[in-house]
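Here's the structure, in structure tokens; my notes come after.
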Number of protein chains: 2
Amino acid sequence: MRDDALDAAFSALADPARRAIVARLSRSSATVNELAEPFTITKQAVSKHIQVLEQAGLITRTRDGQRRPCHLDPAALEALTGWIDTYRLEAERQYRRLDGVLATLKDQHSKDQS
Amino acid sequence: MRDDALDAAFSALADPARRAIVARLSRSSATVNELAEPFTITKQAVSKHIQVLEQAGLITRTRDGQRRPCHLDPAALEALTGWIDTYRLEAERQYRRLDGVLATLKDQHSKDQS
DNA sequence: TCGTTGATCAACTTGTCGGTTGATTACCTC
DNA sequence: GAGGTAATCAACCGACAAGTTGATCAACGA
């Protein structure tokens with residue numbers, strides 16, 4: 001995943017309204033009006049949020065007459081978790097390594113004492 | 001994880017410089033100067049990025065004389081992947097369900113034909 | 001064809017963000 | 001205590017993002 005793609009994706013999820021849209025779309029596809037219904041902001045604002053999510057590649061859109069249903073793209077979400085996990089796992093690996101070193105040192109110390 | 005915590009965390013990762021810092025810290029802890037070294041921007045700007053990451057709970061800081069080393073927090077990263085996976089898995093489940101329905105319909109159609 | 005509805009476009013306001021420069025704090029060393 | 005170094009604070013600037021209102025486009029139904 002390219003750098004600007006990660007920018008767009010993380011930035012898209014940094015907004016609670018857009019996360020709510022993602023959550024809603026995980027249950028089923030929905031139109032702009034359906035997605036806008038639970039919000040107090042204008043439909044135009046919701047439309048903008050949707051465009052941000054689409055631009056980030058997190059959702060796709062199809063045509064159904066005058067409707068433009070939105071669909072969540074699980075693969076895009078997986079790419080994000082993939083990025084995060086890369087560094088989370090590396091960090092955990094390093095911490096375990098450090099723990100091992102400390103345990104060895106402590107062991108040495110015990111031996112020296114005896 | 002609370003809503004504003006997710007705001008802060010995703011927003012923090014939406015910047016390539018901050019992601020680079022996270023990547024660097026996954027290998028080992030580091031001070032502000034060490035983290036600033038690969039960047040062309042000023043040390044103050046890097047310091048701000050670090051504060052953003054700390055505020056978001058993605059990193060922690062300790063004291064070592066006049067140094068203020070930064071440490072990556074794998075648990076915070078895990079919380080993020082947890083949020084994403086919740087909706088990714090739900091979406092995948094829904095898609096599988098839909099595939100099942102379509103398969104059943106197609107099956108019915110074949111039977112009707114015969 | 002005309003009114004209605006789903007959705008977007010355009011222009012504008014407001015607030016926040018990333019970056020800079022300059023000054024300041026805190027700690028270490030000699 | 002004096003000087004040097006790690007790091008932050010404060011004030012400022014330009015750019016961009018979220019939201020609004022008003023107008024517009026495109027497709028449907030009677």
Side-chain angles (χ1 to χ4, degrees), chain A residues 2-25 28-72 80, chain B residues 2-25 28-73:
Chain A
R2 280 205 324 287
D3 217 50
D4 54 342
L6 287 171
D7 284 15
F10 280 125
S11 177
L13 292 182
D15 185 288
R18 287 194 289 261
R19 284 199 305 279
I21 291 175
V22 167
R24 166 65 183 81
L25 289 177
S28 74
S29 300
T31 65
V32 175
N33 275 332
E34 288 167 352
L35 290 172
E37 198 270 326
F39 293 105
T40 62
I41 60 177
T42 64
K43 198 170 58 175
Q44 287 94 320
V46 174
S47 190
K48 279 192 184 178
H49 282 307
I50 289 173
Q51 288 178 53
V52 170
L53 288 166
E54 187 183 15
Q55 193 72 19
L58 297 179
I59 68 175
T60 59
R61 313 194 64 180
T62 50
R63 264 267 166 203
D64 173 24
Q66 56 184 332
R67 309 257 168 78
R68 308 280 302 273
C70 306
H71 323 276
L72 188 59
L80 285 188
Chain B
R2 279 205 324 286
D3 216 51
D4 54 342
L6 287 171
D7 283 17
F10 280 125
S11 177
L13 292 182
D15 186 286
R18 287 194 290 261
R19 284 199 304 278
I21 291 175
V22 166
R24 166 65 184 80
L25 289 177
S28 76
S29 299
T31 66
V32 175
N33 275 333
E34 289 167 351
L35 291 172
E37 198 269 326
F39 293 103
T40 61
I41 59 176
T42 64
K43 199 169 57 173
Q44 288 94 320
V46 174
S47 191
K48 280 191 183 180
H49 282 307
I50 290 172
Q51 288 179 51
V52 170
L53 287 167
E54 187 182 17
Q55 193 73 19
L58 296 178
I59 69 175
T60 59
R61 312 194 64 180
T62 51
R63 264 265 165 204
D64 173 23
Q66 55 185 334
R67 310 257 168 80
R68 309 280 301 274
C70 306
H71 322 277
L72 189 58
D73 180 5

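So you know, we letter chains A, B, ... as the sequences are listed, proteins then strands, and number each from 1.
Using modelled atom types and a 3.5 Å distance limit, the side chains of A/H71 and A/T60 yield no donor-acceptor pair.
For the OP1/OP2 pair of C/dT5 and a distance below 4.0 Å, the side-chain nitrogens and oxygens of A/N33 include no atom meeting the criterion. Contact annotation: B/T42 side-chain N/O to C/dG19 OP1/OP2 distance is not under 4.0 Å. Residue B/H49 places at least one side-chain N or O closer than 4.0 Å to OP1 or OP2 of C/dG19.
When the P atom of C/dA7 is taken as reference, atom CZ of A/R67 falls 7 Å away, rounded to whole Å. Taking atom CD1 of A/I41 as the reference point, atom C1' of D/dT20 lies 11 Å away to the nearest angstrom. The CD1 atom of B/I21 sits 13 Å away from the P atom of D/dA7 (whole-angstrom rounding). Rounded to an integer number of Å, the gap from A/D4 CG to D/dC16 C1' is 16 Å. Atom CD1 in B/I59 sits about 14 Å away from atom C1' in D/dA7, given to the nearest Å.
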Show me the protein contacts with nucleotides 8-12 of chain D, counting only N or O atoms at under 3.5 Å.
from, atom 1, to, atom 2, distance (Å)
D/dT8, OP1, B/R61, NH1, 2.4
D/dT8, OP1, B/R61, NH2, 3.3
D/dT8, OP2, B/S47, OG, 2.3

Practice problem: Mark up nucleotides 24-30 of chain D, 5' to 3', with B wherever a protein heavy atom is under 4.0 angstrom from a base atom, S wherever such an atom reaches only the sugar-phosphate, and - elsewhere. | Solution: ---BS--
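Closest of all the heavy-atom pairs between A/L80 and A/A9 is CD2-CB, 3.7 Å.
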Self-check item: side chain to side chain contact (heavy atoms under 4.5 Å, CB included) assessment of B/I41 paired with B/H49
Solution: CA-CA 11 Å; B/I41 59 176; B/H49 282 307; 4.1 Å; yes
